[in-house]
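In the text below, chain A, chain B and the rest are named by the order of the sequence lines, each starting its count at 1. Side chains are part of it too, since the values below use all heavy atoms of this structure and drop only hydrogens, waters and symmetry mates.
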There are 2 protein chains.
Amino acid sequence: MMETATRCQAYNVFSQACPTRMVLDRLADKWSLLIMDRLRDEPVRFNQLRRDVEGISQKVLSQTLKKLERDGLVTRQVFATVPVTVEYALTALGHTLSNTIESLAHWAEHNIDSVLAAQREYDAVNA
Amino acid sequence: MMETATRCQAYNVFSQACPTRMVLDRLADKWSLLIMDRLRDEPVRFNQLRRDVEGISQKVLSQTLKKLERDGLVTRQVFATVPVTVEYALTALGHTLSNTIESLAHWAEHNIDSVLAAQREYDAVNA
DNA sequence: CGGGATCCGTTCCGATACTG
DNA sequence: CAGTATCGGAACGGATCCCG
């Protein structure tokens, strides 16, 4: 388990060279987790994804999907219809991650009120 | 549970107005999760945090801590020593989130090899 | 020690236009 | 339908200087 030279020790998770941090850095953007969450239950086509993940531009969607595909989390399948159809889906690896994403979403759902309350209080004090 | 007007339904997690997305947007930056992970076990002072979370600048650390404090995830305690001492720590709310963060870190630790392999393969094909 | 203020390059990102 | 290419503004983020 610890034979990989680049793998960080537990006490060194914060080092820049730590691969865990590399993964975290890659996923900690505005859209990646959201897109993966949308793909959790079914394959989705490009423009459908664009409509469902509200607010994302087509450029950024394209870029993000490419990164997720490169990381082995998402597959891109082209169907030779006219016009062409492209389906994006989670890989097996992607599915293992989506469980964690869901727990993050659940935390947010359950604690949004506390967060909003804290923000209001903070803003009231720091007027 | 669903009485809050701004809370999204399960089928609408991707809407911009969804509070779950607001929380996700806030945490999905380069440093927030990393800082919270460092605070998991003990309160940490500003410059110690700066040293431990490798690569973060003092400006960005300061900004990120302020946001985390505003969200009610982190507390800031000032001690009137000379020179002044400031300790950052997780709130109770912050601790409930840190469990999820840890599972994300564990996923990364366990699957980094698969991700790196996928990247190499992708780069080889798209030369 | 724990920041704030400023400057400045880079990256991000949205809008628009175009293509197979 | 599923993208790519280009442009320009906005936001991010690092380096430096300064202060209580």
Please name the pair of heavy atoms, one in Gly94(A) and one in Met36(A), separated by the smallest distance, quoted to 0.1 Å. O-CE, 3.5 Å

Separation of Leu61(B) atom CG from dG4(C) atom P, in whole Å? 10 Å

Taking only Lys NZ, Arg NE, NH1 and NH2, and the carboxylate oxygens of Asp or Glu, determine whether Glu54(B) and Arg50(B) approach each other closer than 4.0 Å. no

Rounded to the Å, how far apart are Lys66(A) NZ and dC13(C) P? 16 Å

Compare side-chain N and O positions of Ser62(B) against OP1 and OP2 of dG2(C) and report whether any pair is under 4.0 Å apart. no

Expressed as a whole number of angstroms, how long is the span from Leu65(B):CG to dG4(C):P? 10 Å

Looking only at heavy atoms, what is the nearest atom pair of Ser98(B) and Leu90(B), with distance? CB-CD1, 4.0 Å

For Ile35(B) and dG2(C), give me the distance from atom CD1 to atom P, rounded to whole Å. 14 Å

What residues form a salt bridge (charged side-chain N to carboxylate O under 4.0 Å, His left out) with Asp41(A), not counting sequence neighbours? none

Heavy-atom count check: over 12 atoms from other residues, nucleotides or ligands less than 6.0 Å from Glu121(A) CD? no

Where the side chain of Arg76(B) is defined as all heavy atoms beyond and including C-beta, which of dG2(C), dG4(C), dG3(D) is the nearest nucleotide? dG2(C)

Value in whole Å for how far the P atom of dG3(D) lies from CD of Glu87(A): 12 Å

Pairing donors with acceptors under 3.5 angstrom, does anything connect the side chains of Arg51(B) and Gln48(B)? yes

The salt bridge (charged side-chain N to carboxylate O under 4.0 Å, His left out) partners of Asp29(A) (sequence neighbours excluded) come to Arg26(A)

Side-chain heavy-atom pair Leu39(B), Leu68(B) within 4.5 angstrom cut-off: no

Whole angstroms only, please: what is the CD-P distance between Gln77(B) and dC1(C)? 19 Å

Given protein heavy atoms under 4.0 Å, the one-letter contact record of nucleotides 13-20 of chain D, with B base, S sugar-phosphate only and - none, is simply BBBB----

Has the side chain of Thr64(B) got a donor or acceptor atom that lies under 3.5 Å from a matching backbone atom of Val60(B)? yes

Output the rounded distance in Å from CG (Asp52(A)) to P (dA2(D)). 12 Å

Give the residues of residues 36-49 of chain A touching DNA chain C, defined as any heavy atom closer than 4.0 Å, sorted by residue number. none

Enclosure of Gln63(A) CD (heavy-atom neighbours >12, cutoff 6.0 Å): yes

Sugar-phosphate, base or nothing in reach of Tyr88(A), heavy atoms under 4.0 Å: sugar-phosphate

End-to-end axis angle, where each axis spans five pairs of the helix from dC1(C)-dG20(D) to dG20(C)-dC1(D), to 10°: 50°

Mind checking what makes side chain to side chain contact (heavy atoms under 4.5 Å, CB included) contact with Gln77(B), not counting sequence neighbours? Phe79(B)

